[in-house]
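One structure is given here, and the rest of the page talks about it.
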Protein chains: 2
Amino acid sequence: MTERIDMEAADTAMVESEQDSRRSADSSERAYNTIRQLLVEFKLKPDARLNEVQLSRSLGVSRTPIREALNRLASEGFVSLTPNRGFFVRSLSTEGLIDLYELRSIIECAAFRLMCERAVDADIGRLTAYWASIVDGYQDNPPDEILAKDEGFHLLIAELSGNPELVNQLAAINARIRFIRRIQIERTHDPRQVSSHSEIVAAAVRRDAERGMKLLRDHIEMSVSATQDALKDALLKVYTAPDPAAPARGRRRVKGG
Amino acid sequence: MTERIDMEAADTAMVESEQDSRRSADSSERAYNTIRQLLVEFKLKPDARLNEVQLSRSLGVSRTPIREALNRLASEGFVSLTPNRGFFVRSLSTEGLIDLYELRSIIECAAFRLMCERAVDADIGRLTAYWASIVDGYQDNPPDEILAKDEGFHLLIAELSGNPELVNQLAAINARIRFIRRIQIERTHDPRQVSSHSEIVAAAVRRDAERGMKLLRDHIEMSVSATQDALKDALLKVYTAPDPAAPARGRRRVKGG
DNA sequence: GAACGCAATAGTGTCGACACTTTATTGACG
DNA sequence: CGTCAATAAAGTGTCGACACTATTGCGTTC
């Protein structure tokens with residue numbers, strides 16, 4: 001009996017805070033969302049080989065949309081593709097994550113600087129308004145909410161930079177580090193997150209690029225230093241989480257299923 | 001009678017200076033290279049709708065690898081995908097390009113700074129050696145060579161930053177602005193390009209991050225200012241280039257072969 | 001004569017099947 | 001008993017076909 005994954009459920013559970021010019025018809029898009037969700041939740045484990053047939057059975061579609069989704073996830077860095085061997089879940093290494101955080105810091109600082117140079121008062125008003133609208137009880141939200149709101153905040157800065165490429169880049173990076181950020185948020189309820197956001201807004205109002213960039217660097221650096229610890233939790237989560245779709249290591253062999 | 005595009009030829013003509021974790025078996029990879037080449041050379045024109053069947057006939061493969069290639073090109077920004085309408089060639093707009101140049105400047109400056117902070121002498125040695133090996137008769141190379149060597153230079157800086165994500169990002173950006181850069185290179189044989197590379201190397205040797213970043217910013221800025229003019233040439237090229245694969249606007253209607 | 005709706009055509013999205021490659025299993029040999 | 005080769009199984013890469021959607025062209029109506 002094949003376990004079947006409910007694509008609808010996985011869809012609605014998505015964080016959904018990115019802009020993407022691509023929007024496939026149906027199966028493909030859903031497969032993408034579902035598999036990505038499985039990756040984010042570690043239902044599919046790092047370094048595991050992804051079986052296209054098994055995935056297609058689980059999701060109730062043919063291999064074509066599965067492959068389409070996997071290709072997309074590959075170009076976003078979630079999985080890798082080896083010529084005749086198939087797709088593998090990206091491995092869970094600290095270095096790779098630190099590199100990503102560094103890239104994120106670079107993009108965000110540049111975005112902040114450009115925002116300070118270019119944004120009119122109304123733009124900055126949008127930022128202050130956004131932050132004002134989410135600051136109350138910010139830390140009391142469920143982790144997914146906090147994450148979505150935090151990403152929204154930083155994406156708005158990118159947007160106000162006037163360079164849509166920065167938005168795209170940041171959105172792509174966010175998608176790749178979201179899994180570990182969520183774990184961090186679950187672990188630590190650090191109120192400094194709130195205050196640093198407030199300070200960033202203040203710096204934006206004053207158009208103080210240097211100050212804002214320093215705040216962002218520290219803001220992100222703080223996350224990096226917490227990443228080591230979060231990784232331990234992540235690894236724990238990996239090996240205790242249920243295993244609905246991928247056999248990964250312990251494969252069972254039932255002939256006449 | 002269907003015109004058939006030689007995939008081998010298009011392959012060998014490629015600049016080929018990127019690292020990419022993805023490497024599909026055969027047809028897919030070739031289709032990717034071929035179509036990308038068509039896009040770079042404006043054989044496929046901006047805003048044109050891409051006909052999968054026609055492409056598959058031209059390249060002599062089925063639609064599956066074509067779609068795979070197009071999906072990949074979509075996630076790299078070469079084409080866009082609209083749900084039930086198919087793929088479209090990215091439009092040729094100035095703004096988008098300037099945004100990309102800006103992003104490139106951001107990535108490269110950050111890479112240079114990190115290189116200055118982290119690279120050991122041997123690393124810097126690689127940079128000086130690389131530049132020394134290509135500086136002689138640099139401007140006398142054919143445009144594609146100049147482009148490849150220039151990209152190699154900047155990618156090496158990214159590599160020496162120690163952050164592989166920066167290499168990936170820069171490679172992706174290069175791929176997207178390559179078409180216009182090639183036109184610029186064909187137009188202008190500016191010797192300042194050479195001297196600014198030399199100066200950048202000198203700054204690297206002195207680990208002078210600020211100086212190097214300023215040089216890079218100017219270096220890239222110079223390209224941006226030339227982009228407007230280059231675009232005119234590009235548009236000219238678009239409407240004079242032969243049209244082997246895509247019907248684009250004037251489609252002929254032959255019923256019985 | 002122009003706008004609307006309908007039919008025909010073209011084109012994408014998805015499927016199941018097959019060929020070829022990689023991986024696991026079995027059996028022979030040292 | 002371990003190593004290696006032959007064989008079987010599993011899995012990916014590609015194909016051609018079909019269903020459904022979008023577009024074009026035509027005829028009708030006002």
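Sequence lines set the chain letters: A, B, ... in the order given, protein chains first and strands last, and positions in each chain run from 1. Quick caveat: nothing in here was measured; it's all calculated off a predicted structure.
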OP1 or OP2 of C:dT14 less than 4.0 angstrom from a side-chain nitrogen or oxygen of A:Thr64, does that happen here? no

Separation between [atom1] of [X] and [atom2] of [Y], rounded to the nearest 0.5 Å:
X: A:Leu70; Y: A:Leu55; atom1: CG; atom2: CG; value: 6.5 Å
X: B:Thr64; Y: A:Glu68; atom1: OG1; atom2: CD; value: 9.5 Å
X: B:Asn51; Y: B:Arg57; atom1: CG; atom2: CZ; value: 8.0 Å
X: A:Gln169; Y: A:Ile107; atom1: CD; atom2: CD1; value: 5.5 Å

Using whole Å, report how far [atom1] of [X] lies from [atom2] of [N].
X: B:Phe88; N: C:dT12; atom1: CZ; atom2: P; answer: 9 Å
X: A:Asn71; N: D:dT14; atom1: CG; atom2: C1'; answer: 13 Å
X: A:Glu68; N: D:dT12; atom1: CD; atom2: P; answer: 17 Å
X: A:Arg67; N: D:dT14; atom1: CZ; atom2: P; answer: 7 Å
X: A:Arg57; N: C:dG16; atom1: CZ; atom2: P; answer: 12 Å
X: A:Gln54; N: D:dA10; atom1: CD; atom2: C1'; answer: 12 Å
X: B:Ile66; N: D:dT14; atom1: CD1; atom2: P; answer: 11 Å
X: B:Arg63; N: C:dG13; atom1: CZ; atom2: P; answer: 8 Å

State, yes or no, whether a side-chain contact exists between A:Val89 and A:Lys45 at a heavy-atom distance under 4.5 Å. no

Look at the side chain of [X] and decide which nucleotide, out of [options], has an atom nearest to it.
X: A:Glu52; options: D:dT12, C:dG13, D:dT14; value: D:dT12
X: A:Ser27; options: D:dC15, D:dG13, C:dT14; value: C:dT14
X: A:Val61; options: C:dT14, D:dG11, C:dC15; value: C:dC15
X: B:Leu81; options: C:dA17, C:dT14, C:dG13; value: C:dG13
X: A:Val53; options: D:dT12, D:dT14, C:dC15; value: D:dT12

All N/O contacts under 3.5 Å from nucleotides 20-23 of chain D to the protein, with atom names and distances to one decimal?
from   : atom 1 : to      : atom 2 : distance (Å)
D:dT23 : OP1    : B:Arg85 : NE     : 2.8
D:dT23 : OP1    : B:Arg85 : NH1    : 3.3
D:dT23 : OP1    : B:Arg85 : NH2    : 3.4

Using five base pairs at each end, measure the axis-to-axis angle across the helix from C:dG1-D:dC30 to C:dG30-D:dC1 and round it to 10 degrees. 10°

Please report the shortest heavy-atom distance between A:Pro143 and A:Glu186, naming the atom on each side. CG-CG, 3.6 Å

Candidate pair B:Lys43 and B:Gln37, rule side chain to side chain contact (heavy atoms under 4.5 Å, CB included), full reasoning: CA-CA 8 Å; B:Lys43 303 281 173 66; B:Gln37 191 66 13; over 6 Å; no

Criterion side-chain hydrogen bond (donor to acceptor under 3.5 Å, both in side chains) against A:Tyr32, the qualifying member of A:Glu29, A:Arg36, A:Arg30: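 Checked A:Glu29, A:Arg36, A:Arg30 against A:Tyr32; only one passes side-chain hydrogen bond (donor to acceptor under 3.5 Å, both in side chains): A:Arg36.
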
Just to verify, what does A:Phe153 make a ring-ring contact (aromatic ring centres under 6.0 Å, His included) with, not counting sequence neighbours? A:Trp131, A:His197

